[in-house]
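Below you'll find the structure, written out as structure tokens, and then a few comments.
Residue numbers begin at 1 in each chain, while the letters A, B, ... track the order of the sequences.
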Protein chains: 4
Amino acid sequence: MGAVKTKRMPRAVREQQMLDAAVRTFGQRGYMAASMDEIAELAGVSKPLVYLYLNSKEDLFTACIRREAKALTEAVRAGARPGLPADRQLWSGLAAFFTHTARHPDGWAVLHLQARTHGEVFAAEVAAMRTEIVAFVTQLILEAAREAHRDPDLPEREVSGLAEALVGAAEALADWANATPGVTARQSAATLMNFAWAGLGNLMEGRHWTPPDDEAGVGAGEAQTGRTSPVR
Amino acid sequence: MGAVKTKRMPRAVREQQMLDAAVRTFGQRGYMAASMDEIAELAGVSKPLVYLYLNSKEDLFTACIRREAKALTEAVRAGARPGLPADRQLWSGLAAFFTHTARHPDGWAVLHLQARTHGEVFAAEVAAMRTEIVAFVTQLILEAAREAHRDPDLPEREVSGLAEALVGAAEALADWANATPGVTARQSAATLMNFAWAGLGNLMEGRHWTPPDDEAGVGAGEAQTGRTSPVR
Amino acid sequence: MGAVKTKRMPRAVREQQMLDAAVRTFGQRGYMAASMDEIAELAGVSKPLVYLYLNSKEDLFTACIRREAKALTEAVRAGARPGLPADRQLWSGLAAFFTHTARHPDGWAVLHLQARTHGEVFAAEVAAMRTEIVAFVTQLILEAAREAHRDPDLPEREVSGLAEALVGAAEALADWANATPGVTARQSAATLMNFAWAGLGNLMEGRHWTPPDDEAGVGAGEAQTGRTSPVR
Amino acid sequence: MGAVKTKRMPRAVREQQMLDAAVRTFGQRGYMAASMDEIAELAGVSKPLVYLYLNSKEDLFTACIRREAKALTEAVRAGARPGLPADRQLWSGLAAFFTHTARHPDGWAVLHLQARTHGEVFAAEVAAMRTEIVAFVTQLILEAAREAHRDPDLPEREVSGLAEALVGAAEALADWANATPGVTARQSAATLMNFAWAGLGNLMEGRHWTPPDDEAGVGAGEAQTGRTSPVR
DNA sequence: TATGAATGAGTTTTCATTCAT
DNA sequence: CATGAATGAAAACTCATTCAT
């Protein structure tokens, strides 16, 4: 099943077939539940060949993560054409992001769900990609501020937090959209722009939402639902 | 190792110790990589006892999810005291959320990372909790609109999307805060309020961000980074 | 479940309850599949008490075998009243046998199925009972020959073989009757008498069925259905 | 231990070796007491290979039953050449049966002892074989009646009972012969023919052994050896 | 290049059995 | 007399990984 069993293909092609099979299997079954047997069969190859080309399950998974991460970042970068005003860039970058995650659900699952849940090594791999995207978005925010002729006296960390939140919201929306039939990429992008843009605008103009000083007991009072040991 | 090896405790106590050990192990190693052996040892008990009380790895995991989900929702609800204006409720709910996730990183990992990646059954369990929280936030948004004497003609789905995005952003920020030393719960909450509140305000007043009509090629152009099979 | 949970019974009674539960469980589940937990619960006692009274699973099983074997032999002996002519004794002994096995299917299963399949020790225990019954039947055959004023020049071993065959047939019929609704003990007994009596009569009168001398290849030619090693 | 450890054999061969080891182990230890570890070691293979080829303990056991059942039926059918008069057929079939069970004691134990005591599924498997053999014997009985020009007005169920008894006797004799050194297959066969043939002859001629009408108390009087609960 | 044959090491799970009260 | 609490030991099964061809 899967790819038609043709003999003697060039290595590069075979490798892609294996990665296809692996992404699909990892995405659907999860990293640990996916067996090399299943992947090999889906790729239409024998198991030793998989090992010959990809070395080990870990390496195979890493290869999947890298390929999918690259595809996703490239899709986003390709979407957000420089030259446009910052808000337009953000919009089209988001649209490209949602389009891509919708078209490659298994790849998205690998990146967003699997890679982050199975060991530091893999998590670091996606973290790199995420960092890149967050940086990109941060860039856009600052650029937008510049375009609006506002001196961005937003503190460094705050801007990072904002970008982080924006990206996090995008990720959540991507999951939500993938699980909710009938939601288009454009709708998701619009929702997010609506949600975020005005807030950003306000911030750039120095209008912050101010937390009340006195928050007697915020975070205190912990409803102790039976936990025994202190916390960790 | 782990809990001090005290003999002959009443069942209820032992069960909590086991859950503590399990949450910690599942949170750190992941569901599949966590072995019952390790959990038992960390709990200071023999494996058969774990099975006697918690039945199976699946049941144990479910029990963890339930306990942590309950603790988290209760923390949030306890934080967001009704009676306050909606924005204050949102703020304090968020603060409680970030406080809780920071204090219980393993519990948070179980809920946010592990439960969602290891089978529909577990995913459903957290989905329920998430739905509850999203509903709560949706409530708050509508209430805020009412308080602002704005006719909330926001379409149903849009509000859902907003709440979804807000919660998603909160989740991402929680991860980020846990990974970035020195970020306090209040800071995270403030960032998110800043990010979201003005946007929400605009929306409530009917000022939408309008996507450009013509987006020739949005989502097209897929950077083909070597994928072989069509897409799936 | 099972016996009503009454406290503080004399030891003898409790022991019988345990044996009842054990026979039932062993008979239905099989020796190995029966768990001490299940037996204890069915007996309405705690597991340690079972161990206190019966020592171990092996001892418990042995106790079951002994009790059931005793009950069966006594039933048969009680059925075959001495004083009657030999054929009538055989008949009524058989009837008693079929009646008992029909009334105590679990006990019969313990003796005939379980005890013989789970280790030499248990097998020896039933073998003793079986030997006793076979001896009894042998007795009856010889007596019958005497009654018929036939000099029993039947060779020792042949008589043993006959008794063995008769008992074996009875056992098979007991199983068959237990599995076939509507077959009464008297029917089974009659079938067996019909089957055996005339043959015995012939033998006693010296009329043997003579095997053909030349049996070229009897038992040879073994259809070799794939067996690898010689035979054992 | 066991088969010589030769590496890299074709699958079919290894499978037979495994079945050999399994039959031996199951026959001697019993189904439940036999461990896959022991079987694998005896077969000179690692456990995973056993699972790879035979799937599970249940499947392995079923495969054993099937192989041994096939071998036994084929041996019997090959022994009882059609064309001979019915008594000769019966004789040579029996001889073949006793020869086979004597040569393959473990196979016989698997079929006669183990398969019938460890779950309906396995029992059904041998039941099928037994049914086949009983039918074969029934055939022979009717044929014999025809040959003797006797109108076989033997009632259906009675003939079944007879065949059942005959087969049961044969089974018991096989066990007995296996346990008693020095008993040959021909002796067993002769014993059984002597036991049965004249009786069958009588029956076919309508001479039944008639049970006494009045059997006051047959089956009653149950020697109550301590049973507590009613009976079941 | 490609694979059928094979395994070491580990997993979850179960059970007879025993303390301490 | 009776039991809730606890475990050592082993069983079935799986999987990533590697030879030998």
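Both Leu49(C) and Tyr53(B) lie close to DNA chain F; mapped to their nearest nucleotides by heavy-atom distance, the more 5′-ward contact belongs to Leu49(C). Sequence order on DNA chain E of the closest nucleotides to Leu52(D) and Ser46(A) puts Ser46(A) first from the 5' end.
In this structure, Val121(D) and Glu58(D) have side chains that are not in contact, with every pair of non-hydrogen atoms separated by 4.5 Å or more. A 4.5 Å side-chain heavy-atom check between Leu113(D) and Leu113(C) finds every atom pair outside the cut-off.
In this structure, Arg29(C) places its CZ atom 15 Å from C1' of dT14(E), rounding to the nearest Å. A straight line from CD of Glu41(C) to P of dG4(F) spans 12 Å, rounded to a whole angstrom. The interatomic distance linking Glu15(C) (CD) with dC1(F) (P) rounds to 11 Å, in whole Å. Atom pair Asp59(B):CG and dT12(E):P shows a separation of 14 Å (rounding to whole Å applied). Rounded to an integer number of Å, the gap from NE2 of His118(C) to P of dA16(E) is 12 Å.
The shortest non-hydrogen separation linking Val23(C) to Val110(C) is O-CG2, 3.7 Å. Across every non-hydrogen atom of Cys64(A) and Ala22(A), the tightest pair is SG-CB, 3.5 Å.
Applying the 4.0 Å criterion to OP1 and OP2 of dA6(F), one finds that Arg14(B) has a side-chain N or O inside that range.
Considering CE of Met9(B) and CD of Glu15(B), their distance stands at 12.0 Å, rounded to 0.5 Å.
Listed nucleotides dA2(F), dT7(E), dT3(E) differ in distance to Val45(A); the shortest reach to its side chain belongs to dT3(E).
As judged by a 4.0 angstrom heavy-atom cut-off over every strand, Arg11(D) is placed among residues touching the sugar-phosphate backbone only.
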Report summary line: With B for base contact, S for sugar-phosphate-only contact and - for none (protein heavy atoms under 4.0 Å), nucleotides 14-21 of chain F reads BBSBBBS-
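The salt bridge (Lys or Arg N to Asp or Glu O under 4.0 Å) check on Lys57(D) picks up nothing, with sequence neighbours excluded.
Taking the six-membered ring where the residue is Trp, Phe26(B) and Tyr31(B) present tilted rings, their angle falling between 30° and 60°.
Paired regions of DNA chain F, where each region holds three or more successive Watson-Crick or G-U pairs whose two hydrogen-bonding distances fall under 3.5 Å, are E:2-21 with F:2-21.
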